[in-house]
Amino acid sequence: MGGGHGHGQMSATAQHRSRMLVVLCVTAVVLVAQVIGGLLANSLALISDALHSATDVTGVFMALVAARFAARPATDRRTFGYYRIEILAAVANAVLLFGVAIWVFSQAWERFFAPPEVQSGLVIVVALVGLAVNALSMVLLYRGQKESLNVRGAYLEVMGDLLGSVAVLVAAIVIKLTGWYVIDPVASVVVAVMILPRAWKLLTEAVDVLLEATPKGMDLSDVRTHLLGRDGVVDVHDLHAWTLTSGLPVLTAHIVVDDSRLGDGRLLDELHDCLRGHFDVEHSTLQLEPRGHLDHEGAKHA
């Protein structure tokens, strides 16, 4: 049995912790401004955007807390440490987004029939501030969202919040020019609708990790072909790959080896280097077997 590496790797979320902390702080400031502005201006659209900002704050906060837990060392009881906490945080974040969308829909329905007066000038100012801050946050999170599910969740939320700020800004301008107050609940519904597909995408990706699906972008037939290409490798079976947390794929396999290389320690290094170089798998556990050993194994898999 060969272990490629230990479990001391830093998660992708942890690598972008400082940028996420900046996003958390500036978004929290905007959230306060949106809540105060929405209440003073009597704008459901602005309050909806504030609730969306609240999910940004909560999501980034959960991701940071999860990254801190994930950095804890593995133990005999939790041999992979706390990496999965990041994925659980992503699930909680997605559920929160769904809840916010439902609340906005219910409030907008009531306002369609009796739209109250909205102070459009104040809404325009707050929306512009939110737009600027969301643009800055997207720049800060852009690189990290390619590597971490939680950073991606925060990035998508900020992107949706930016689009929400645009919707609120347009609605406020229309109200100021026409006095058509019903556009405010319409804009709030637009913001809520933008939340739903992002929440669904985040939830499905997190569930895939929890169900230990093959890492996105990895083809196990391609992995098998590369392993069989090593000199002395006769067969590969019991090949499994899953994602421990964002950016940390794990792989195990039984490798049937020709007798001439069964005792060659260099072969194990070659196999690990192959997985690391071609598939970015830093942690792999490989069992080298002689021909005929499969007949003695109790559980047989592909």
Side-chain angles (χ1 to χ4, degrees), residues 19-61 63-64 93 96-97 99-142 145 153-199:
R19 288 173 177 256
M20 292 184 71
L21 185 58
V22 173
V23 171
L24 175 64
C25 293
V26 296
T27 306
V29 172
V30 171
L31 167 61
V32 173
Q34 288 173 328
V35 169
I36 295 174
L39 293 174
L40 292 177
N42 199 23
S43 171
L44 179 61
L46 194 52
I47 293 175
S48 300
D49 210 18
L51 291 173
H52 198 180
S53 294
T55 64
D56 294 349
V57 171
T58 304
V60 174
F61 178 75
L64 288 170
N93 199 4
L96 180 62
L97 286 170
V100 168
I102 292 171
W103 183 88
V104 170
F105 284 136
S106 66
Q107 293 297 309
W109 178 258
E110 296 179 7
R111 290 200 173 204
F112 277 135
F113 301 102
E117 183 178 347
V118 175
Q119 302 298 320
S120 57
L122 179 58
V123 175
I124 290 174
V125 172
V126 177
L128 285 173
V129 172
L131 195 64
V133 170
N134 288 322
L136 172 63
S137 297
M138 286 184 65
V139 171
L140 292 173
L141 297 175
Y142 180 74
Q145 61 93 20
Y155 179 83
L156 291 173
E157 287 175 7
V158 171
M159 178 187 292
D161 208 14
L162 183 144
L163 296 175
S165 294
V166 171
V168 172
L169 181 61
V170 171
I173 292 174
V174 171
I175 291 173
K176 191 172 186 63
L177 295 177
T178 67
W180 189 31
Y181 296 122
V182 75
I183 196 67
D184 185 71
V186 170
S188 68
V189 169
V190 170
V191 174
V193 167
M194 288 190 297
I195 293 175
L196 295 178
R198 297 184 299 106

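In this chain, residues are counted from 1 in sequence order.
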| field | Within 6.0 Å of CH2 in W109, more than 12 heavy atoms from elsewhere | value | no

| Residue pair Y181 / V174, side-chain heavy-atom distance below 4.5 Å | no

| request: For L128 and L169, run side-chain contact (heavy atoms from CB on, under 4.5 Å): C-alpha distance rounded to whole Å, both residues' side-chain angles, the deciding distance at 0.1 Å, then the answer. | output: CA-CA 7 Å; L128 285 173; L169 181 61; 3.8 Å; yes

| request: Please round to the nearest 0.5 Å and tell me the distance separating atom CD of Q107 and atom CD1 of I47. | output: 8.5 Å

Identify each donor-acceptor pair in which a side-chain atom of residues 29-44 lies under 3.5 Å from a protein atom, sequence neighbours left out, and give them as a table.
residue: Q34; atom: OE1; partner: S53; partner atom: OG; Å: 2.6
residue: Q34; atom: NE2; partner: D49; partner atom: OD2; Å: 3.3
residue: N42; atom: OD1; partner: R111; partner atom: NH2; Å: 3.3
residue: N42; atom: ND2; partner: E117; partner atom: O; Å: 3.3
residue: S43; atom: OG; partner: L46; partner atom: N; Å: 3.1
residue: S43; atom: OG; partner: D184; partner atom: OD1; Å: 2.7

| task | Locate the shortest heavy-atom distance separating S188 from S48; write the atom from each residue and the value. | result | CB-OG, 3.3 Å

| Which pair of non-hydrogen atoms, one from A171 and one from A187, has the smallest distance, and what is that distance? | CB-CB, 3.5 Å

| remark: One should read off an interatomic distance between S120 OG and W180 CH2, to the nearest 0.5 angstrom, of 15.0 Å

| request: Write down the atom of A192, the atom of V104, and the distance for their closest heavy-atom approach. | output: CB-CG1, 3.7 Å

| message | Please identify which of these residues, I124, V123, V126, meets the side-chain contact (heavy atoms from CB on, under 4.5 Å) condition with V168. | response | V123

| query | Can you check whether V26 reaches S137 side chain to side chain, under 4.5 Å on heavy atoms? | reply | yes

| said: Donor-acceptor check, side chain of T27 to backbone of L24, threshold 3.5 angstrom: yes or no? | reply: no

